[in-house]
Amino acid sequence: MKRVVVTGSGGQIGSELVPHLRRLYGAERVLATDLRPASGPLAEGGPFACLDVRDGEAFSALVRHFRADTVLHLAGLLSARGEKDVALAWDVNVNGSATALEVARQEGTAFFFPSSIAAFGPSTPKKETPQETLQRPTTIYGVGKVALELLCDYYHLKFGVDTRGLRFPGLISHETQPGGGTTDYAVHIYYEAVRKGNYTSFIAPGTFMDMMYMADALDAVVGLMEADPARLVHRNAFNISAMSVDPEAIASAIGKVIPGFTIAYDVDPLRQAIAESWPDSLDCSAARKEWDFAPRYDLETMTREMLDRIASKGGRAA
Ligand code: NAD
Ligand code: AKB
């Protein structure tokens with residue numbers, strides 16, 4: 001991974017992955033793209049271009065002119081937003097991703113696809129969900145993730161494209177707000193803790209989902225894309241997680257840093273139903289074995305860092 005094109009780079013992951021890659025490989029070697037013009041570090045820290053991933057010709061031309069060897073394809077709509085606009089979610093998440101994969105084939109690049117815990121459904125074993133198991137998701141977002149996991153494997157087998165993917169859990173970060181997912185509460189809670197000392201959760205107590213701090217997610221993307229292909233038994237996509245938590249567990253970790261912090265509940269039926277259809281906890285042994293996945297942050301260390309960073313920005317989102 002030496003010359004990289006990143007799609008959807010203005011989102012929660014891309015806004016941190018692009019600067020991370022620019023530090024690793026050099027600013028001029030990472031082309032950030034998104035639908036709309038970027039401002040701030042994304043645009044000022046290195047090359048940026050507007051790109052709708054559904055436009056295959058424009059996409060191919062950018063990758064060719066940049067002489068990219070890797071496409072990291074982050075553009076997409078998250079789970080709750082997808083349920084509110086199914087046609088758009090299908091168009092961007094499936095048609096747009098299939099276009100991106102075809103560009104990678106034509107231009108001879110490696111391809112990274114971010115799958116999700118959403119690739120599982122209610123019939124999947126809920127605890128220590130295996131790497132390979134039943135995948136019958138009940139959201140349009142999850143259906144798209146399964147389709148792309150399979151398509152990425154197909155492109156590897158049929159055309160030799162170096163496709164690799166991660167099933168991200170909910171990602172917790174303090175740079176860019178999450179873009180309409182079910183796990184968003186696990187970010188909002190930290191902002192509200194700093195601003196108000198209390199939080200009203202749209203996810204019910206006792207609802208466990210996998211989560212991970214953004215720093216570990218960035219390391220995981222680089223670790224997987226740099227991994228020796230001879231060690232990879234799996235490709236699309238690896239279970240990864242750093243913790244399995246419910247809102248009470250996060251609230252209790254925050255309470256140790258902000259005494260008196262309280263949590264209340266006003267459950268959103270849409271996002272609660274999605275959360276209940278996902279696993280409680282993933283088995284990440286394949287990622288550990290095949291490319292040494294090892295997250296550094298647990299709930300306590302992540303909580304301290306989230307609260308420190310948000311407080312240092314006066315509780316404001318970037
Ligand atoms: P986000 O919603 O924060 O950002 C997505 C970006 O995609 C936005 O900047 C948006 O402008 C862009 N985009 C939307 N439609 C586009 C189009 N047609 N062409 C080009 N760009 C377009 O998402 P994120 O949280 O950064 O997630 C990135 C990827 O990782 C997504 O595929 C998501 O499903 C996956 N993922 C994220 C999480 C998480 O917790 N953040 C967890 C699992 C998987
Ligand atoms: C969402 O909640 O939609 C995402 C995800 C886990 O895929 N954060």
Side-chain angles (χ1 to χ4, degrees), residues 5-18 32-39 42 48-56 58-59 62 71-85 88-100 103 112-120 137 139-146 148-149 152 165-173 175-188 202-203 207 209-214 216-218 220-221 237-242 268 270-272 274-275 277-279 282 317-318:
V5 170
V6 183
T7 72
S9 59
Q12 190 195 2
I13 301 178
S15 60
E16 296 200 47
L17 183 60
V18 166
T33 72
D34 207 311
L35 274 181
R36 280 170 289 280
S39 57
L42 210 58
F48 177 89
C50 285
L51 174 69
D52 185 328
V53 294
R54 294 165 294 181
D55 182 346
F59 200 157
L62 271 184
V71 171
L72 303 181
H73 175 56
L74 302 180
L77 267 61
L78 297 188
S79 56
R81 184 146 176 241
E83 289 309 297
K84 290 180 180 150
D85 193 340
L88 184 65
W90 183 264
D91 198 30
V92 175
N93 293 357
V94 178
N95 296 335
S97 299
T99 301
V103 167
F112 171 78
F113 179 69
S115 189
S116 163
I117 50 174
F120 299 113
T139 60
I140 194 64
Y141 177 69
V143 171
K145 291 301 188 194
V146 175
L148 260 295
E149 286 188 7
C152 285
L166 296 171
R167 292 184 186 130
F168 281 131
L171 299 180
I172 299 180
S173 67
E175 285 297 327
T176 302
Q177 291 282 343
T182 302
T183 58
D184 293 11
Y185 90 85
V187 177
H188 299 160
F202 59 78
I203 293 294
T207 312
M209 287 184 278
D210 286 286
M211 303 281 172
M212 186 157 66
Y213 192 44
M214 186 60 82
D216 282 327
L218 306 184
V221 174
F238 284 93
N239 286 1
I240 58 165
S241 172
D268 169 26
L270 170 68
R271 288 177 286 186
Q272 182 62 28
I274 296 174
S277 77
W278 291 353
L282 298 185

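Here, residue 1 is the first one in the sequence, and each next residue gets the next number. Each ligand, and each atom within it, is numbered from 1 in the order the structure gives. These values consider heavy atoms only, across backbone and side chains, with no hydrogens, waters or symmetry-generated copies.
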Do me a favour and list the nearest non-hydrogen protein atom to [atom] with residue, atom name and distance?
{"atom": "atom 8 (N) of ligand 2", "answer": "Thr183 OG1, 2.8 Å"}
{"atom": "atom 6 (C) of ligand 1", "answer": "Gly8 O, 3.6 Å"}
{"atom": "atom 5 (C) of ligand 1", "answer": "Gly76 O, 3.6 Å"}
{"atom": "atom 42 (C) of ligand 1", "answer": "Pro169 O, 3.3 Å"}
{"atom": "atom 19 (N) of ligand 1", "answer": "Val53 N, 3.0 Å"}
{"atom": "atom 2 (O) of ligand 1", "answer": "Gly179 CA, 3.8 Å"}
{"atom": "atom 43 (C) of ligand 1", "answer": "Phe168 CB, 3.2 Å"}
{"atom": "atom 8 (C) of ligand 1", "answer": "Asp34 OD2, 3.7 Å"}
{"atom": "atom 29 (C) of ligand 1", "answer": "Leu74 O, 3.2 Å"}

**Item:** Heavy atom of Leu78, distance to ligand 1 below 4.0 Å
**Value:** yes
**Prompt:** Heavy atom of Lys145 under 4.0 Å from ligand 1?
**Reply:** yes
**Prompt:** What heavy-atom pair brings Gly82 and Ile140 nearest, and what distance separates the two atoms?
**Reply:** O-CG2, 3.6 Å
**For the student: nearest non-hydrogen atoms of Pro169 and Met212, plus distance** = CG-CB, 3.6 Å
Give yes if a backbone or side-chain nitrogen or oxygen of [X] is under 3.5 Å from a nitrogen or oxygen of ligand 1, and no if not.
{"X": "Ile13", "value": "yes"}
{"X": "Gly14", "value": "no"}
{"X": "Asp52", "value": "yes"}
{"X": "Tyr141", "value": "yes"}
{"X": "Gly11", "value": "yes"}

**Asked** With backbone taken as N, CA, C and O and side chain as the heavy atoms from C-beta onward, which portion of Val92 lies under 4.0 Å from ligand 1: side chain, backbone, both, or neither?
**Response** side chain
Any side-chain heavy-atom pair of [X] and [Y] under 4.5 Å:
{"X": "Leu74", "Y": "Pro114", "answer": "yes"}
{"X": "Phe59", "Y": "Leu51", "answer": "yes"}
{"X": "Val18", "Y": "Phe48", "answer": "no"}
{"X": "Ile203", "Y": "Gln272", "answer": "yes"}
{"X": "Gln12", "Y": "Val187", "answer": "yes"}
{"X": "Arg167", "Y": "Ile117", "answer": "no"}
{"X": "His188", "Y": "Phe202", "answer": "yes"}
{"X": "Lys145", "Y": "Pro137", "answer": "no"}

Only heavy atoms of [X], strictly under 4.0 Å: list the atoms of ligand 2 that pass.
{"X": "Ser79", "answer": "1 (C), 2 (O), 3 (O)"}
{"X": "Leu78", "answer": "3 (O)"}
{"X": "Thr182", "answer": "1 (C), 2 (O), 3 (O)"}

**Request:** Verify the distance criterion only: is there a donor paired with an acceptor across the side chains of Ser79 and Thr139 at less than 3.5 Å?
**Result:** no
Taking only heavy atoms of [X], which atoms of ligand 1 are found under 4.0 Å from at least one of them?
{"X": "Leu51", "value": "19 (N), 20 (C)"}
{"X": "Ser115", "value": "43 (C), 44 (C)"}
{"X": "Ser116", "value": "43 (C), 44 (C)"}
{"X": "Arg54", "value": "18 (N)"}
{"X": "Gly10", "value": "9 (O)"}

**Item:** Nearest candidate to atom 21 (N) of ligand 1, where distance is taken over non-hydrogen atoms, out of Ala75, Ala119, Gly96, Gly82
**Value:** Ala75
**Prompt:** Counting heavy atoms only, which of Ser116, Ser115, Gly82 is nearest atom 6 (C) of ligand 2?
**Reply:** Ser116
**Item:** For ligand 2, the portion of Asp184 having any non-hydrogen atom under 4.0 Å away
**Value:** neither
**Request:** Give yes or no for whether the N/O distance cutoff of 3.5 Å, strictly under, is met between Trp278 and ligand 2.
**Result:** no
**Message:** Any nitrogen or oxygen of Tyr141, side chain or backbone, less than 3.5 Å from one on ligand 2?
**Reply:** yes
**Message:** Tell me whether the count of non-hydrogen atoms from other residues, nucleotides or ligands lying under 6.0 Å of CZ in Arg81 goes above 12.
**Reply:** no
**Message:** Walk me through whether Leu62 and Val5 qualify under side chain to side chain contact (heavy atoms under 4.5 Å, CB included).
**Reply:** CA-CA 8 Å; Leu62 271 184; Val5 170; 5.7 Å; no
**Message:** Could you check whether any side-chain N or O of Asn93 sits under 3.5 Å from a backbone N or O of Leu77, counting only pairs where one atom can act as donor and the other as acceptor?
**Reply:** yes
**Prompt:** Backbone N or O of Leu282 within a donor-acceptor pair of the Asp210 side chain at under 3.5 Å?
**Reply:** yes
**Prompt:** Which is it for Ile13 and Phe168 under the side chain to side chain contact (heavy atoms under 4.5 Å, CB included) test, yes or no, and what are the steps along the way?
**Reply:** CA-CA 11 Å; Ile13 301 178; Phe168 281 131; 3.9 Å; yes
**Prompt:** Glu175 and Ser15: side-chain hydrogen bond (donor to acceptor under 3.5 Å, both in side chains), yes or no, with the steps?
**Reply:** CA-CA 8 Å; Glu175 285 297 327; Ser15 60; over 6 Å; no
